[in-house]
Amino acid sequence: MNFLDNIFFALLLAIGIGYFTINVKKLIRNINLGRDVNRSDNSSERWKNMTMVALGQSKMVKRPIAGFLHIIVYVGFVIINIEVIEIIIDGLFGTHRVLSFMGVFYDILIGSFEILAFLVLVAVIVFWIRRNVTKLARFTSSDLKGKPKNDANYILYFEMVLMSLFLLMNAADLHLQNLGIGHYNQAGSFPISQFIAPIFNGMSEGLVVVIERIAWWLHIVGILIFLNY
């Protein structure tokens, strides 16, 4: 069964990355439709502006709270997905937390990922409330209705679900580690999901394993979908 799981994971990964490659080629094609313009002047200023806008730093000046939350989401989401490396290895070779051999450093990594995941989750919930409940003036203008509004909400929903699945997966994993079930050996530090793990108390071991596996699969599938979206 594990062998079939590995094959299915490899196919899923190939489809996700393959479709992403096609999308990137489309973007490059569309960019190349434009005319070449010499933009080699003021190189340092251009890089500075790009960095300020792309990383959300410019918001720190005009809207410090929104700017700070954006940084949490951008940086947190990127750093958390470093764990995708481990997920890919585990999925291809049927291992479980293959990088746990790093010991204390691994514990620090997983602990940091959890804290960042929680902060990202809080930030995107705040963003969703600002857009859909408090309805700030700049989010209710006519040019942001329809597709722009839906697009922004879809991204927020994606991030909420992915971060929730990550924490749920870790919580179930931690519960199974504490029970000493199968290959769920003690590995990682779980400063956030340790407070979620008690929901599994009283559940059968088999059910918790199923929940952990479902959360694991949905997490990686969600990442591949979000990658292409």
**Request:** Mind running side-chain contact (heavy atoms from CB on, under 4.5 Å) on His175 and Ile199 for me, showing each step along the way?
**Result:** CA-CA 9 Å; His175 180 80; Ile199 67 173; over 6 Å; no
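- Expressed to the nearest 0.5 Å, how far CE of Met163 lies from CG of Leu119 amounts to 11.5 Å.
- With contacts defined as side-chain heavy-atom distances shorter than 4.5 Å, the pair Phe190/Leu167 does not qualify.
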**Request:** Please step through side-chain contact (heavy atoms from CB on, under 4.5 Å) for the pair Leu11 and Ile7, ending with a clear verdict.
**Result:** CA-CA 6 Å; Leu11 290 173; Ile7 293 176; 4.3 Å; yes
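- Looking at Glu114, its side chain does come within 3.5 Å of a backbone N or O of Ile192 through a donor-acceptor pair.
- Ring pair Tyr229/Tyr154 is perpendicular by interplanar angle, where above 60° counts as perpendicular and below 30° as parallel.
- The shortest distance between side-chain heavy atoms of Phe195 and Phe118 does not fall below 4.5 Å.
- Between Ile72 and Phe68, the closest side-chain pair of non-hydrogen atoms falls below 4.5 Å.
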**Prompt:** Does the pair Arg131 and Leu156 meet the rule for a side-chain contact (heavy atoms from CB on, under 4.5 Å), with working shown?
**Reply:** CA-CA 10 Å; Arg131 283 182 172 275; Leu156 293 177; 4.1 Å; yes
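- Phe9 and Trp216 have tilted rings, their planes meeting at an angle from 30° to 60° on a 0 to 90° scale.
- Looking only at side-chain heavy atoms (C-beta outward), Glu83 and Ile110 come within less than 4.5 Å of each other.
- Two residues are said to be in side-chain contact when any heavy atoms from C-beta on lie closer than 4.5 Å; Asn178 and Leu174 meet this criterion.
- The shortest distance between side-chain heavy atoms of Phe200 and Glu212 does not fall below 4.5 Å.
- Looking at Asn6 and Phe93, their side chains never come closer than 4.5 Å, going by heavy atoms from C-beta outward.
- Looking at heavy atoms from C-beta onward, Phe127 lies in side-chain contact with Val73 at the 4.5 angstrom threshold.
- Legend: salt bridge (charged side-chain N to carboxylate O under 4.0 Å, His left out) pairs involving residues 162-186, not counting sequence neighbours, sorted by first then second residue: Arg97-Asp173.
- Around atom CZ of Phe158, more than 12 heavy atoms belonging to other residues, nucleotides or ligands sit under 6.0 Å away.
- Glu205 places no side-chain N or O within 3.5 Å of a backbone atom of Leu176 that could act as its donor or acceptor partner.
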**Message:** Before you tell me yes or no, could you show the steps for Phe113 and Asn170 under side-chain contact (heavy atoms from CB on, under 4.5 Å), namely the whole-Å CA-CA distance, both residues' side-chain angles and the distance that decides it to 0.1 Å?
**Reply:** CA-CA 11 Å; Phe113 294 161; Asn170 280 355; over 6 Å; no
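- Applying the 6.0 Å contact sphere to OH of Tyr157 captures more than 12 heavy atoms from other residues, nucleotides or ligands.
- Separating the CZ atom in Phe166 from the CG atom in Leu121 is a distance of 12.0 Å, to the nearest 0.5 Å.
- When atom types are taken as modelled, the side chain of Glu159 and the backbone of Val120 share no donor-acceptor pair closer than 3.5 angstrom.
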